[in-house]
Amino acid sequence: RLMFAIACSLDIPLYSADIPNAFIRAGIDSHIKIRLPPGVKLVHGDIDTDKGYGIRLLKALYGLKQSPALFNRELSKFMHSIGFSRLTADTSLYGIKWEDGSFILAPTQVDDLLIVASNDARRKWFHEKLVETFDVKDYGPIHTFMGLRVIQDLRALKIQSCLRRAQQGLSLPPIFVIVLQTFHRV
């Protein structure tokens with residue numbers, strides 16, 4: 001809600017980024033072994049997985065309960081390495097401010113980032129850093145956010161979230177209903 005309000009009040013377009021294959025980028029800091037699914041055979045030296053042996057994971061996988069936390073640790077290391085700080089009240093929000101007053105705010109939701117940058121050159125710098133490390137694709141100005149279609153009209157100082165999900169009979173998360181009511185969009 002805050003990012004939408006900041007973007008509206010400062011005439012800043014919102015951008016989004018998705019980190020592809022996020023979980024497999026995170027290393028594992030403990031010994032986790034898995035069994036291969038039936039029919040998958042891996043023979044390595046004296047170890048035959050058909051005999052019930054497991055294999056040790058070196059990277060996180062989707063479906064592993066530790067994966068989001070492991071990736072969050074990798075993302076946090078990256079963000080700190082390029083000068084971002086993490087908000088203590090909301091650990092999913094990163095920010096950086098330069099001496100010229102320009103700033104970037106980047107709230108995260110697992111492997112999705114919302115980017116609020118006061119300066120387009122700074123936004124491009126941040127995007128380049130994301131591409132170098134995570135091979136992120138440039139989605140340009142945001143069009144969807146967590147299942148909602150977003151229409152930005154900076155001349156009218158508004159960001160409109162279209163309730164396509166609600167129109168299709170799908171329920172919206174309660175926080176989105178509150179945000180939309182707060183911005184008088186419902």
Side-chain angles (χ1 to χ4, degrees), residues 1-27 59-60 62 67-162 172-185:
R1 175 168 95 177
L2 180 61
M3 296 306 112
F4 283 85
I6 289 170
C8 282
S9 65
L10 298 176
D11 293 333
I12 299 172
L14 291 167
Y15 288 82
S16 66
D18 179 60
I19 299 172
N21 303 315
F23 290 169
I24 62 172
R25 296 174 184 279
K59 297 283 185 176
Y62 287 87
S67 293
L70 292 168
F71 174 70
N72 185 279
R73 184 182 63 199
E74 294 296 316
L75 180 63
S76 184
K77 278 194 262 183
F78 162 74
M79 296 295 272
H80 289 291
S81 75
I82 61 171
F84 279 78
S85 298
R86 185 184 256 185
L87 193 67
T88 53
D90 182 356
T91 57
S92 67
L93 177 60
Y94 295 89
I96 186 170
K97 186 174 182 181
W98 287 271
E99 290 181 11
D100 65 0
S102 60
F103 65 88
I104 297 175
L105 297 172
T108 63
Q109 176 65 33
V110 187
D111 61 349
D112 296 317
L113 284 83
L114 187 64
I115 301 166
V116 180
S118 65
N119 177 304
D120 199 50
R122 300 286 192 187
R123 182 195 58 81
K124 288 177 181 174
W125 165 84
F126 181 47
H127 181 262
E128 288 172 11
K129 295 293 184 186
L130 286 169
V131 169
E132 286 173 15
T133 305
F134 296 112
D135 195 29
V136 170
K137 308 245 183 302
D138 188 2
Y139 290 116
I142 191 171
H143 297 290
T144 59
F145 180 67
M146 295 184 73
L148 296 176
R149 196 175 96 209
V150 177
I151 299 171
Q152 299 185 75
D153 184 355
L154 297 177
R155 286 170 282 163
L157 288 176
K158 70 178 181 179
I159 296 175
Q160 178 181 357
S161 296
C162 299
L172 290 170
I175 188 66
F176 284 102
V177 174
I178 293 168
V179 169
L180 295 171
Q181 288 171 341
T182 302
F183 288 104
H184 308 291
R185 303 292 183 239

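Quick caveat, the model's predicted, so the values are computed rather than measured. Reckoned from all heavy atoms, side chains included, excluding hydrogens, waters and symmetry mates.
Atom OG of residue S85 and atom CE of residue M79 lie 10.0 Å apart, to the nearest 0.5 angstrom. Between the CE atom of M3 and the CG atom of L14 there is a distance of 9.5 Å, given to the nearest 0.5 Å. Between atom CG of residue L93 and atom CG of residue L113 there is a gap of 10.5 Å, rounded to the nearest 0.5 Å. Taking OG1 of T133 as the reference point, atom CD1 of I19 lies at 9.0 Å (rounded to 0.5 Å). Interatomic distance, NZ of K129 versus CD1 of I104, reported as 11.5 Å (0.5 Å rounding). Considering CG of D120 and OH of Y15, their distance stands at 5.0 Å, rounded to 0.5 Å.
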* Residues D111, F134; criterion side-chain contact (heavy atoms from CB on, under 4.5 Å); working and verdict -> CA-CA 10 Å; D111 61 349; F134 296 112; over 6 Å; no

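Minimum heavy-atom separation, A121 to N119: N-OD1, 2.7 Å. Across A117 and I12, no two heavy atoms sit closer than the pair O-CG2, 3.1 Å. Minimum interatomic distance between V110 and L75 (heavy atoms only, all atoms of both residues): O-CD2, 4.3 Å. The two residues L105 and G95 have their closest heavy-atom pair at CD2-CA, 4.1 Å. Contact between H80 and R86 at its shortest, heavy atoms only, is CE1-N, 3.9 Å.
The aromatic rings of F78 and F126 lie parallel to each other, with less than 30° between the two planes, well short of the 60° mark.
No donor-acceptor distance shorter than 3.5 angstrom exists from the side chain of S76 to the backbone of R73, with no hydrogens or angles considered. A donor-acceptor contact shorter than 3.5 Å links the side chain of S118 to the backbone of F103. Side-chain atoms of S102 never come within 3.5 Å of backbone atoms of W98 as a donor-acceptor pair (strictly under, hydrogens ignored). Side chain of T108 to main chain of S92: a donor-acceptor pair is present (N/O by atom type, distance under 3.5 Å, no hydrogens or angles).
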